Amino acid sequence: GEALAVSARVAPLGSRLVLLLVEDLTEARRIEAVRRDFVANVSHELKTPVGALSLLSEAVMDASDDPEAVERFAGRMQIEATRLTNLVQELIDLSRVQNDDPLEDAEPVRVDELVAEAIDRCRHAAGTKQITMAAGGTADLHVTGNRGQLAAALGNLVENAVNYSPARTRVGIAARRVGAPGGDMIEIAVTDQGIGISDKDKERIFERFYRVDPARSRATGGTGLGLAIVKHVVASHGGEVTVWSAEGQGSTFTLRLPETGTARAGDRAQQRTA
Ligand code: ADP
């Protein structure tokens, strides 16, 4: 509002430069607000498990003559500690993908290896829910970029597919090459038969810490950072991520990555401020 008023006043002066400066200031203020929100969110997310740990350790001390209670509290402490570890790890991952230029050590990465790694990462969780995982079309395909970042991105999508699906369903991963003006792209689609996502939530799930159902997400060890990491990785590789979903039926998340690509510098600059 304030910036608009200023630009209205300077416009008659015909000074393009001043207008640009005002727009820059507005953008700088927006970035600053996003940063402040992020710090507030991180603090809140850290406080929850730390607070629980502190209460639980008091409970353990009070219950020292009741071994069963001690064991119960210790078990819950372990869960909170795991949550804290996940959160710190994902914060480190997010900061890495936001700051490292993936194209500095870009290399051809085999899609079948990325897929096998992602499936491996979820094998345990999928096994306990009797979820079948199947992959197809990955042979002979590769994408170009930072191996670790690409593995993290696909791993997060497969992990979500398993986490947000009921027992005895199927998670499919399908890859294919599609032609594009700037060079061929590789599409990797992760499809689940899970709870799905409403149109309203679809717009927000890629934001840091956004969760449709915080309790459900926490129960599965979710931090709300996974899709933000995915979005950053694909954007800095010159790709994109899209989602199709129907509530109660399932979702498909599709990564589209350059086969031999060079992300355009403009995309990366834009990415850092997002
Ligand atoms: P989380 O750590 O909570 O999984 P993400 O950033 O990975 O965080 O995802 C954000 C939110 O998007 C999740 O909390 C969940 O509500 C929703 N979501 C992500 N993937 C799926 C999926 N495959 N099916 C249904 N909902 C999903």
Side-chain angles (χ1 to χ4, degrees), residues 34 37-38 41-42 44-46 48-49 79-98 115 118-119 121-122 124-126 128-129 131-135 149-174 187-236 240-256 271 274:
V34 168
D37 279 359
F38 180 63
N41 278 331
V42 170
H44 174 79
E45 297 288 334
L46 287 171
T48 311
I79 293 172
E80 295 299 333
T82 305
R83 186 166 294 164
L84 199 56
T85 311
N86 285 348
L87 179 59
V88 170
Q89 186 55 54
E90 293 237 298
L91 281 169
I92 292 171
D93 287 351
L94 179 65
S95 127
R96 234 182 240 149
V97 303
Q98 282 179 321
V115 169
I119 290 179
R121 216 171 105 171
C122 300
H124 179 72
T128 51
K129 288 167 87 173
I131 289 176
T132 347
M133 291 194 282
Q149 289 195 12
L150 293 169
L154 185 64
N156 268 311
L157 293 186
V158 177
E159 205 165 51
N160 281 347
V162 170
N163 281 344
Y164 299 104
S165 290
R168 285 177 294 281
T169 52
R170 183 178 179 280
V171 170
I173 307 171
E187 257 183 27
I188 311 175
V190 181
T191 300
D192 65 55
Q193 302 170 321
I195 59 175
I197 306 158
S198 74
D199 286 340
K200 178 176 76 57
D201 289 317
K202 249 178 245 167
E203 293 171 14
R204 303 204 54 196
I205 48 173
F206 292 95
E207 292 172 19
R208 296 174 296 199
F209 293 119
Y210 187 81
R211 303 159 173 123
V212 175
D213 177 353
R216 185 190 180 114
S217 161
R218 254 182 233 118
T220 60
T223 60
L225 292 174
L227 289 179
I229 292 173
V230 174
K231 190 181 125 191
H232 272 281
V233 169
V234 294
S236 63
E240 60 177 355
V241 54
T242 52
V243 55
W244 173 91
S245 186
E247 272 181 285
Q249 289 180 42
S251 313
T252 297
F253 283 81
T254 305
L255 296 177
R256 198 181 244 261
Q271 186 54 26

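Computed over heavy atoms, backbone and side chain alike; hydrogens, waters and symmetry mates excluded. We count ligands from 1, going down the list as the structure has it; atoms in each ligand are counted the same way. What you see is a predicted model, and the numbers here were worked out from it, not measured in a lab. Along the sequence shown, residues carry numbers from 1.
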task = Output yes when Asp199 and Lys202 qualify as a salt bridge under the 4.0 Å nitrogen-oxygen rule, no when they do not.
result = yes

ask   = Just wondering, more than 12 heavy atoms not from Arg121 lying within 6.0 Å of its CZ?
value = yes

Contact residues of ligand 1 (heavy atom under 4.0 Å), by chain and number = Asn160, Ala161, Tyr164, Asp192, Ile195, Gly196, Ile197, Ile205, Tyr210, Arg211, Val212, Ser217, Gly222, Thr223, Gly224, Leu225, Gly226, Leu227, Ser251, Phe253

note = When every non-hydrogen atom of Val233 is compared with those of Ala153, the smallest separation belongs to CG1-CB, 4.0 Å

ask   = Just by modelled atom types, is the Ser251 backbone N or O under 3.5 Å from a matching donor or acceptor in the Asp192 side chain?
value = yes

query = How close do Gly222 and Arg211 get, heavy atom to heavy atom, and via which atoms?
reply = O-NH2, 3.7 Å

request  = Would you confirm whether Glu240, through its side chain, and Arg256, through its main-chain N or O, come within 3.5 Å as a donor-acceptor pair?
outcome  = no

